[in-house]
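What follows is one structure encoded as structure tokens, with my remarks underneath.
This structure is a prediction, so every number in the text was calculated from the model and none was measured.
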Amino acid sequence: MSEHRTSRIIAHYNLIEPKKPRTIRALSVPKPSCSMRGGEDKIAVPETRYATLAALLAAVRDCRACEAHLPLGPRPVLRAAETARILIVGQAPGARVHATGIPWDDLSGERLRTWMGVDQEMCYDESRVAIIPMGYCYPGRGSGGDKPPRRECAALWLDQLLARLPRIELTLLIGQYAQRHFLGSRRKPSLAETAKAWREYAPQYVPLPHPSPRNQPWFKQHPWFEQQLLPMLRARIKALSAR
Ligand code: SF4
């Protein structure tokens, strides 16, 4: 999608009040600010126009911004509560997660929970763990697997969501899209180098590879990941869970 079209979509959503789409008042909406994280893509982000996180989440779940590009249609999959201290930022739902509406409801999710040292109950307790991927709807298949997350989600919603999650102390950045967005120029040339430099991003961020079974060779090639990074991750999550 061109930047021009993305900007038009963002402008459209910026003009929508909750429950009052396309009102005359929309004309007085101030010019949106530029606040894309990481300093890479300067895309205008709409100001927060929702009084509560629940209202914002309802608006996100009604989002149809890039419907024409989604082979299975919109079904935003995310969850959050204001009390959450841990945030998981992944890539985008796969076809299975699109079907169930439950994030990380697959083999990758099982591995992620093992990495984190948490069970399903903890993982899906949104009062403690928020789950917000870079793209909220299943983007479809490309030649090398699932397509990248739609950029519109971050441009339209992410900063608003993060602003409503004031207690997040630890953010898991899973995969290159999350790392690019949150770390920007602090990211290393490769995902392995970024993950290996995890101490540079602590305690706020922990960069991780995708826990897909297809990445098994990567896990074997980088033993420091299991030996050093994962014990730190589990200890951090355990400490946050105990509070
Ligand atoms: S992928 Fe994101 S921007 Fe597109 S319809 Fe779903 S929530 Fe909206």
Side-chain angles (χ1 to χ4, degrees), residues 1-23 26 29 32 36-37 41 43-81 84 87-106 108-109 123-124 126 129-165 174-178 180-181 210 212:
M1 177 176 290
S2 70
E3 188 164 326
H4 175 65
R5 174 158 164 67
T6 302
S7 297
R8 278 199 293 124
I9 289 173
I10 291 166
H12 167 78
Y13 274 79
N14 197 29
L15 297 180
I16 294 178
E17 293 275 359
K19 308 294 183 190
K20 292 180 183 176
R22 300 177 213 187
T23 61
V29 172
M36 201 78 171
R37 285 166 188 249
D41 305 313
I43 295 178
V45 174
E47 295 183 347
T48 298
R49 306 193 58 77
Y50 300 92
T52 64
L53 176 60
L56 175 56
L57 285 169
V60 174
R61 288 173 179 136
D62 279 345
C63 180
R64 298 290 181 272
C66 57
E67 184 170 17
H69 301 280
L70 302 174
L72 302 183
R75 187 177 193 187
V77 179
L78 69 164
R79 55 178 63 204
L87 170 62
I88 299 172
V89 183
Q91 189 160 308
R96 176 187 164 116
V97 170
H98 173 89
T100 64
I102 303 172
W104 297 104
D105 179 31
D106 52 16
S108 297
C123 181
Y124 294 127
E126 61 193 31
V129 180
I131 302 178
I132 302 175
M134 291 305 298
Y136 310 151
C137 301
Y138 172 59
R141 296 280 294 176
S143 55
D146 285 354
K147 288 182 177 175
R150 297 296 308 181
R151 297 177 71 238
E152 294 88 340
C153 303
L156 284 166
W157 303 114
L158 184 54
D159 279 1
Q160 297 188 73
L161 289 163
L162 295 177
R164 291 276 171 200
L165 298 173
I174 300 174
Q176 59 167 318
Y177 298 102
R180 183 183 303 156
H181 185 85
H210 197 282
S212 165

Does some side-chain heavy atom of [Y] sit less than 4.5 Å from a side-chain heavy atom of [X]?
X	Y	answer
K147	R141	no
L87	L162	yes
Y138	P71	yes
L78	P103	no
V77	T100	no
L53	L161	yes

Between [X] (side chain) and [Y] (backbone), is there a donor-acceptor pair under 3.5 Å?
X	Y	answer
R96	D105	yes
Y124	V129	no
R164	A51	yes
R75	H98	yes

Within this structure, what is the [atom1]-[atom2] distance for the pair [X] and [Y], rounded to the nearest 0.5 Å?
X	Y	atom1	atom2	answer
C63	E152	SG	CD	8.5 Å
Q91	S212	CD	OG	10.0 Å
L70	R150	CG	CZ	6.5 Å

Heavy-atom pair of closest approach, residues [X] and [Y]:
X	Y	answer
G135	C153	CA-SG, 3.7 Å
P93	P139	O-CD, 3.6 Å
L165	A80	CD2-CB, 3.9 Å
V97	W104	CG2-N, 3.9 Å
A130	A84	N-CB, 3.8 Å
Y50	Q160	CD1-OE1, 3.7 Å

Q. When I131 is tested against each of I102, I88, V89 for side-chain contact (heavy atoms from CB on, under 4.5 Å), which residue passes?
A.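 For I131, the side-chain contact (heavy atoms from CB on, under 4.5 Å) check succeeds only for I88.
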Q: Would you sort out whether Y136 and L158 count as a side chain to side chain contact (heavy atoms under 4.5 Å, CB included), showing the intermediate values?
A: CA-CA 10 Å; Y136 310 151; L158 184 54; 4.0 Å; yes
